[in-house]
Trainee: 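So that we are looking at the same thing, I have put the structure below in C-alpha cells.
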Amino acid sequence: MPFLKSLNPTQAEAVTFGEGPLLILAGAGSGKTRVLTSRIAFLVMKLGIAPENILAVTFTNKAAGEMRERLQKLIGFEARNLWLGTFHSLGLRLLRKESKAAGIKTDLIVYGDDDQLSLVKQVMAELKLNEKSFAPRAILSKINQAKNENINHIDFAKYATDFLSERVAKVYSLYQKKLREMGCMDFGDLICEPINLLRQNPKLLEEYKEKFQYLLVDEYQDTNKAQYLFTNLLASGSRNLLAVGDPDQSIYAWRGADISNILDFEKDYPDATVLRLEQNYRSTKNILSAANSVIQRNMKRLDKTLWTDNHAGSTLTYEEARDEYDEARRVIKRLKNLLNTDNALTYKDFAVFYRTNAQSRVFEEQLMREGIPYVIIGGVRFYDRREIKDAIAYLRIISNPNDSISLQRIINTPPRGVGKTTFEKVQALSNQHSIPLMEAFKDALERGLLNKTRVKDFLEACESFRFDLSRLSLHELALRFLEDTGYMMMWQEEGTEEAMERVENLFEFISAIRNFEEANPGATLSDFLDQVALISDIDNYEEKLDRLTLMTLHSAKGLEFKAVFLVGMEEGLFPHSRSANEPEELEEERRLCYVGMTRAREELFLFSARSRNVYGESRYQLRSRFIDEIEPGLITILSTEERPKTVFTSDEPYYTAEGSQIEHTYHESHDPQPWRVGMKVLHPTFGAGIIKERSGTGEDTKVTINFQNHGIKKLIIKYASLTVLQ
C-alpha cells in the first residue's frame with residue numbers, strides 16, 4: 001500500500017486506526033480527503049472489508065465523485081460497490097432498495113425547493129389560507145426546519161401552541177398527505193423516512209447494522225439532528241464510526257446544522273479516540289496565522305493549533321474603497337496587476353468571495369465592462385432555468401403520472417386550452433374516481449371537457465414515450481418527446497434571441513442525458529431524475545474553466561484558490577446585522593470569515609467600502625471587526641484617508657463564556673460621521689436604544705434615538721457619552 005508512505009504520522013494513525021469510534025478534528029487544508037480515501041482503501045486492501053460493507057458520507061455530490069475516482073485508482077472496480085454519497089443520495093438509495101418495506105412506489109420523484117413551494121401554495125389554497133397573511137415560503141421553511149429535526153407532521157401538531165404554528169401544522173399535514181398520494185418526497189423525507197423505516201422494522205435495522213461494518217462521515221460539524229440520528233442508528237451495531245470535521249468551519253446553522261453534534265461526540269461515544277490533523281498543506285504561514293488569530297476569539301470550539309511548513313508568503317492586504325463600485329474597480333486592478341506580474345497565473349486561480357448574493361451585481365457590471373471572463377457559483381443554475389425545469393417536468397410525468405405539480409407546470413405549456421379552472425376540474429375527477437391524474441385527463445378528453453386535438457396529441461406523445469422506453473436511448477426519446485409535445489417548437493417559433501438561447505439550453509439538456517447514459521450503462525429514467533434532483537450549486541463548479549470565480553462565502557467550502565479577494569468587510573454586512581446581538585450567530589459569522597480566509601493558498605486581499613448603497617439608500621459603513629482581529633504584523637492596511645478602526649475598549653472576547661453581553665466603547669478618532677441610522681447604542685441614563693435619525697457633521701452631529709425604556713430622545717453627540725452596542 002504505497003499510498004501510506006505519503007501520509008504524515010497523524011494521518012497514518014487515522015488511516016490505520018483499529019476498532020471503535022474515532023473523531024478526527026481536521027483543520028482547513030490538512031488533507032482530510034486523502035485520509036478518508038486512504039482509510040477506505042486500507043479497510044478493503046489490508047483488513048479485507050468488502051466495499052459494500054462500508055458507508056461513507058460526503059457533503060456534496062462533487063466530493064463523492066472525486067473520492068470515488070481516487071478510490072478506483074487505489075482499489076479498482078470494486079469502488080463502485082461502496083455506499084458513498086451525500087446523506088440525501090444514500091437515504092434515497094436505501095429507500096429505493098427497500099421500497100416494498102417502506103411502502104413507496106418505484107417511480108418516486110424527489111421535489112426541490114420550487115416544487116415544494118408550489119405544493120405548499122396549492123395546500124394553502126385548499127385550506128383557504130391567504131398568502132398575504134401567511135407567506136408560503138415562511139411556512140415551507142418551518143416544515144423544512146421540522147424535518148431537519150426529524151419531527152413529523154403528527155408530532156408537530158401536538159406541540160403547535162400558537163396561532164401561526166397551528167396553521168403551519170395544518171399545511172404540513174396536508175402537504176405530507178399530498179406528497180404521499182403523488183409518490184413524491186422532498187429532501188427532508190430522504191433522511192426522515194429511512195429513520196422511520198429502520199425504527200419501525202427492527203429486523204431490517206439489524207440487517208443494516210450488520211451490513212455497515214464501518215461508517216465514515218465527512219463535515220460532521222454541519223450535520224443536522226435528522227442526519228445525526230440516521231448516522232448513529234446505523235453505527236449502533238459495529239460502533240466503528242469515523243467522524244471527520246472542524247467546529248471552526250461550522251457555517252450552516254441557518255439550514256439546520258448543529259455544531260453540538262461534533263462538540264459532544266465524546267459524550268455520545270465516551271470511548272472515542274480523538275486525533276487532530278493540524279498540519280496545513282494549503283496556505284502560507286501568514287494567511288494561516290491571520291486566520292488563526294481571528295478564529296481563536298470564538299468560545300465554542302475544540303482546541304487545535306494549525307501549522308504549516310509552507311513559506312511565510314506575503315502579508316494580507318486590506319483596502320478601503322469609497323463605495324461598492326470603487327471596491328470592484330480596486331479588485332479588478334489588483335487582479336490585472338497579479339496577472340501581469342506572473343505569467344503562470346490565469347483567471348481560474350482567483351476568486352471573489354462575498355457575504356450576500358446581492359453583492360455580485362456590481363462586480364458583474366465592472367467585469368463585463370473590462371471583458372474579464374467570470375462564473376458565478378450560486379447564481380441561476382442550469383437546472384433552475386425555466387426551459388430546463390419545464391423539460392424535467394415533462395420527463396417526471398412519464399416516470400410518475402401522479403406527479404400533479406409537474407403536470408400542472410407543463411400541461412398548458414405550450415397552450416392546450418387547459419387553464420387553472422379546467423385543471424381543477426380534472427383534478428376533482430381524479431380524486432372522485434381515485435385514478436391517476438393522467439388517467440383523469442384521458443377520461444376528461446372522452447367527456448369532451450378538453451381541447452381534443454392539443455391534449456390528445458400531448459397524451460399520445462406520453463404514451464409513445466412509455467412504449468419506446470425500453471427500445472430507444474433515453475436522450476433520443478427525450479428530444480422526440482419535447483418535439484412531439486410542441487414544447488421545442490414553441491420556443492423556435494418565438495424566434496427572439498432569448499428564445500433561441502432557451503432552445504440551445506434544451507439541446508444542452510439532451511446532451512446531459514446522453515452523457516449520463518454513457519457514464520451509467522443500464523441507467524433508467526428514474527436514475528437520471530434522481531441525479532438531477534440531488535445536484536447542488538457547487539456540483540456544477542468546473543475548475544478547468546479559465547474564468548474568475550464569484551461566489552458567496554457559504555459556497556466556498558471545500559474549494560481553494562491561489563488568490564482570494566474577500567469583499568464587503570463591513571459591520572452590518574460581514575458580520576451580518578442579524579448576528580449583532582446574538583453571540584452564537586456572531587461566532588458563526590467569524591467561522592465563515594475563517595473559512596473564506598483559509599481558501600487562499602498564496603495571496604489574500606480584504607476589501608470594504610466607506611459607503612454602500614443598501615436598500616436604496618447610501619449608508620456610511622464601519623469596517624468589519626474581523627479586520628481588526630487580525631494580528632497587526634500579518635496585514636498591510638491601505639486607505640485613501642485616515643480612518644478609525646472598529647475597535648473596542650476591551651481586548652477580551654465580545655461576550656463572556658456564559659454568553660452575557662459586553663458593551664464596548666467606539667473610538668471616534670478622526671472620523672466625523674461614525675453614528676449611522678440603525679446602530680444600537682447605550683446611554684448612561686436612558687439605557688439601550690436605536691438611532692433613528694442623524695444630522696450634522698463632526699461635533700455638531702445630532703441624533704434622534706428611540707430608547708427602549710425612555711422613548712424618543714434628541715441628543716448632541718459631543719455631550720451624549722454614547723457607546724456602541726455590538
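Count residues from 1 along the sequence. It should be emphasised that the depicted structure is a prediction, and the values quoted were computed from it without experimental measurement.
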Trainee: For a 4.5 angstrom cut-off between non-hydrogen side-chain atoms, does Asn53 reach Lys211?
Mentor: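 Side chain of Asn53 against side chain of Lys211, heavy atoms only: contact under 4.5 Å found.
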Trainee: Does Thr58 reach the side chain of Thr86, with side-chain heavy atoms less than 4.5 Å apart?
Mentor: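 Counting from C-beta outward, Thr58 and Thr86 do come under 4.5 Å.
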Trainee: Can you tell me if Ser289 uses its side chain to pair, donor with acceptor, with the backbone of Asn286 under 3.5 Å?
Mentor: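 Absent.
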Trainee: Taking side chain as C-beta onward, heavy atoms only, is Glu319 less than 4.5 Å from Phe605?
Mentor: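 Contact flag for Glu319/Phe605 side chains = no.
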Trainee: Under a 3.5 Å distance rule, please check whether Glu149 uses its side chain to pair with a backbone N or O of Lys225 as donor and acceptor.
Mentor: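 Absent.
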Trainee: Minimum heavy-atom separation for Phe574 and Gly568, please, with both atom names.
Mentor: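 So the minimum-distance heavy-atom pair works out to CB-O, 3.7 Å.
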Trainee: If we only count heavy atoms from C-beta on, is the Phe516 to Asp527 side-chain gap below 4.5 Å?
Mentor: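 Contact flag for Phe516/Asp527 side chains = yes.
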Trainee: Nearest heavy-atom pair of Gln249 and Arg599: which atoms, and what distance?
Mentor: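 That closest heavy-atom pairing would be OE1-NH2, 3.1 Å.
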Trainee: Ion pair present between Arg623 and Asp628, side-chain N to carboxylate O less than 4.0 angstrom?
Mentor: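 Here Arg623 pairs with Asp628 in a salt bridge, since their nearest N and O are under 4.0 Å apart.
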Trainee: Check the pair Phe363 / Ile376 against side chain to side chain contact (heavy atoms under 4.5 Å, CB included), numbers first and verdict last.
Mentor: CA-CA 10 Å; Phe363 280 91; Ile376 294 183; over 6 Å; no
Trainee: Would you check if Arg68 and Leu71 make a side-chain contact, meaning some heavy-atom pair closer than 4.5 Å?
Mentor: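 No; the side chains remain at least 4.5 Å from each other.
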Trainee: Supply the atom-to-atom distance Asp218 CG to Thr223 OG1, rounded to the nearest 0.5 angstrom.
Mentor: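 One finds 11.0 Å between CG of Asp218 and OG1 of Thr223.
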Trainee: Taking the side chain as every heavy atom from C-beta outward, state whether Met597 and Leu316 have any pair of such atoms under 4.5 Å apart.
Mentor: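 Yes. Closest side-chain heavy atoms under 4.5 Å.
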Trainee: Once you round to the nearest 0.5 Å, how far does CD of Glu570 lie from CZ of Arg355?
Mentor: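 Output value for this atom pair is 13.0 Å.
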Trainee: State whether the side chain of Asn232 and the backbone N or O of Tyr228 hold a donor-acceptor pair below 3.5 Å, judged by distance alone.
Mentor: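 Confirmed, Asn232 side chain pairs with Tyr228 backbone.
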Trainee: Do any N or O atoms from the side chain of Ser238 and from the backbone of Gln213 form a donor-acceptor pair under 3.5 angstrom?
Mentor: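 Here the side-chain-to-backbone pair exists.
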Trainee: Quick check on salt bridge (charged side-chain N to carboxylate O under 4.0 Å, His left out): which of Glu629, Glu584, Glu585 does Arg590 satisfy it with?
Mentor: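 Result for salt bridge (charged side-chain N to carboxylate O under 4.0 Å, His left out) with Arg590: Glu629.
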Trainee: Starting at CD1 of Ile40, measure out to CG of Leu74 and round the result to the nearest 0.5 Å.
Mentor: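 If we round to the nearest 0.5 Å, Ile40:CD1 and Leu74:CG are 10.0 Å apart.
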Trainee: Could you report the tightest heavy-atom contact between Ala79 and Gln72, atom names first, then the distance?
Mentor: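 Between these two residues, the closest heavy atoms are CB-CG, 3.7 Å.
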Trainee: So does Thr356 get a backbone contact from the side chain of Thr552, meaning a donor-acceptor N/O pair under 3.5 Å?
Mentor: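 Checking the backbone N and O of Thr356 against the side chain of Thr552, no donor-acceptor pair under 3.5 Å is found.
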Trainee: So, the side chain of Asn81 versus the backbone of Glu52: is there a donor-acceptor pair under 3.5 Å, distance only?
Mentor: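 Flag not set: sc Asn81 to bb Glu52 has no pair under 3.5 Å.
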Trainee: Looking at every heavy atom in both Pro575 and Ser579, which two are closest together, and how far apart are they?
Mentor: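 Closest heavy-atom pair between Pro575 and Ser579: CB-OG, 3.7 Å.
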Trainee: Is any side-chain N of the basic residue among Glu603 and Arg334 closer than 4.0 Å to the acidic one's carboxylate O?
Mentor: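 No, this pair does not count.
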Trainee: Do the side chain of Gln11 and the main chain of Ser30 share a donor and acceptor less than 3.5 angstrom apart?
Mentor: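 Yes; judged by distance alone, with no hydrogens or angles, the pair exists.
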Trainee: Considering non-hydrogen atoms only, spot the tightest contact between Ser260 and Asp258 and give its length.
Mentor: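 What the structure gives for the nearest pair is OG-OD1, 2.6 Å.
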Trainee: Whether Glu587 and Arg301 form a salt bridge (side-chain N of Lys/Arg under 4.0 Å from carboxylate O of Asp/Glu) is what I want to check.
Mentor: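 The answer is no: the pair does not qualify as a salt bridge.
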Trainee: For the atom pair CD1 (Ile287) and OG1 (Thr598), what is the distance rounded to the nearest 0.5 Å?
Mentor: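 Answer rounded to 0.5 Å: 9.5 Å.
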Trainee: Asn144 side chain to Ser141 main-chain N or O, any donor-acceptor pair under 3.5 Å?
Mentor: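 Here the side-chain-to-backbone pair does not exist.
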Trainee: Got a second to check how far Leu573's CG is from Ser608's OG, nearest 0.5 Å?
Mentor: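 Nearest 0.5 Å value for the CG-OG distance: 10.0 Å.
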Trainee: With rounding to the nearest 0.5 angstrom, report the OH to CE distance, Tyr111 to Met185.
Mentor: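 These two atoms lie 13.0 Å from each other.
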Trainee: Quick one, Val352 with Leu548, criterion side chain to side chain contact (heavy atoms under 4.5 Å, CB included). Give me CA distance, side-chain angles, the key distance, then yes/no.
Mentor: CA-CA 8 Å; Val352 177; Leu548 172 67; 4.2 Å; yes
Trainee: Show, in sequence, the C-alpha distance, side-chain angles and deciding distance for Leu25 and Val274, and conclude whether the side chain to side chain contact (heavy atoms under 4.5 Å, CB included) test is met.
Mentor: CA-CA 7 Å; Leu25 295 176; Val274 180; 4.1 Å; yes
Trainee: Angle class for the Phe565/Phe607 ring planes (parallel below 30°, perpendicular above 60°, tilted otherwise)?
Mentor: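 The rings of Phe565 and Phe607 sit tilted, inter-plane angle from 30° to 60°.
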Trainee: Compute the ring centroids of Phe59 and Tyr252, then answer whether they are less than 6.0 Å apart.
Mentor: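 That pair passes the under 6.0 Å test.
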Trainee: Mind listing the closest non-hydrogen atom pair of Arg70 and Thr37 along with its distance?
Mentor: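 In terms of heavy atoms, the two residues are closest at CB-CG2, 3.8 Å.
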Trainee: Walk me through it: do Phe42 and Leu47 pass the test side chain to side chain contact (heavy atoms under 4.5 Å, CB included)?
Mentor: CA-CA 7 Å; Phe42 179 82; Leu47 302 186; 4.0 Å; yes
Trainee: Any non-hydrogen side-chain atom of Arg199 less than 4.5 Å from a side-chain atom of Leu229?
Mentor: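 Yes, their side chains come closer than 4.5 Å.
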Trainee: Looking at Lys32 and Asp246, is there a salt bridge between them, counting it only when a charged N and a carboxylate O are closer than 4.0 Å?
Mentor: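 So Asp246 does not pair with Lys32 through a salt bridge.
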Trainee: Looking only at atom types and distance, does a side-chain atom of Asp264 sit under 3.5 Å from a main-chain N or O of Lys267, one as donor and one as acceptor?
Mentor: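 Side chain of Asp264 to backbone of Lys267: no pair is present.
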Trainee: Step through the shown structure and confirm whether more than 12 heavy atoms of other residues, nucleotides or ligands are within 6.0 Å of CD on Gln279.
Mentor: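 Yes, because the 6.0 Å sphere around CD of Gln279 holds more than 12 heavy atoms from other groups.
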Trainee: Quick check: do Ile635 and Leu606 have side-chain heavy atoms less than 4.5 Å from each other?
Mentor: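 Yes - at least one pair of side-chain heavy atoms lies under 4.5 Å apart.
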Trainee: So, are Glu560 and Arg282 salt-bridged, with charged N and O less than 4.0 Å apart?
Mentor: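 Salt bridge flag = yes for Arg282 with Glu560.
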Trainee: More than 12 non-hydrogen atoms from neighbouring residues, nucleotides or ligands closer than 6.0 Å to CD on Glu210, yes or no?
Mentor: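 Not more than 12 within 6.0 Å, no.
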Trainee: Taking the basic N atoms (NZ, or NE/NH1/NH2) and the acidic carboxylate oxygens, is any pair closer than 4.0 Å for Glu66 and Lys62?
Mentor: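 Looking at Lys62 together with Glu66, the answer is yes, because their closest N to O distance falls below 4.0 Å.
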Trainee: Does Asp268 use its side chain to pair, donor to acceptor, with the backbone of Phe265 at less than 3.5 Å?
Mentor: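 Such a contact is absent between Asp268 side chain and Phe265 backbone.
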Trainee: Do Arg591 and Glu588 meet the salt-bridge criterion of a basic N to acidic O distance under 4.0 Å?
Mentor: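 Yes, Glu588 and Arg591 are salt-bridged.
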Trainee: More than 12 foreign heavy atoms under 6.0 Å from NZ of Lys285: is that the case here?
Mentor: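 Counting neighbours around NZ of Lys285, more than 12 heavy atoms of other residues, nucleotides or ligands fall under 6.0 Å, so yes.
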Trainee: Atom CZ of residue position Arg255 - does it have more than 12 heavy atoms of other residues, nucleotides or ligands inside 6.0 Å?
Mentor: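 Count over threshold, so yes.
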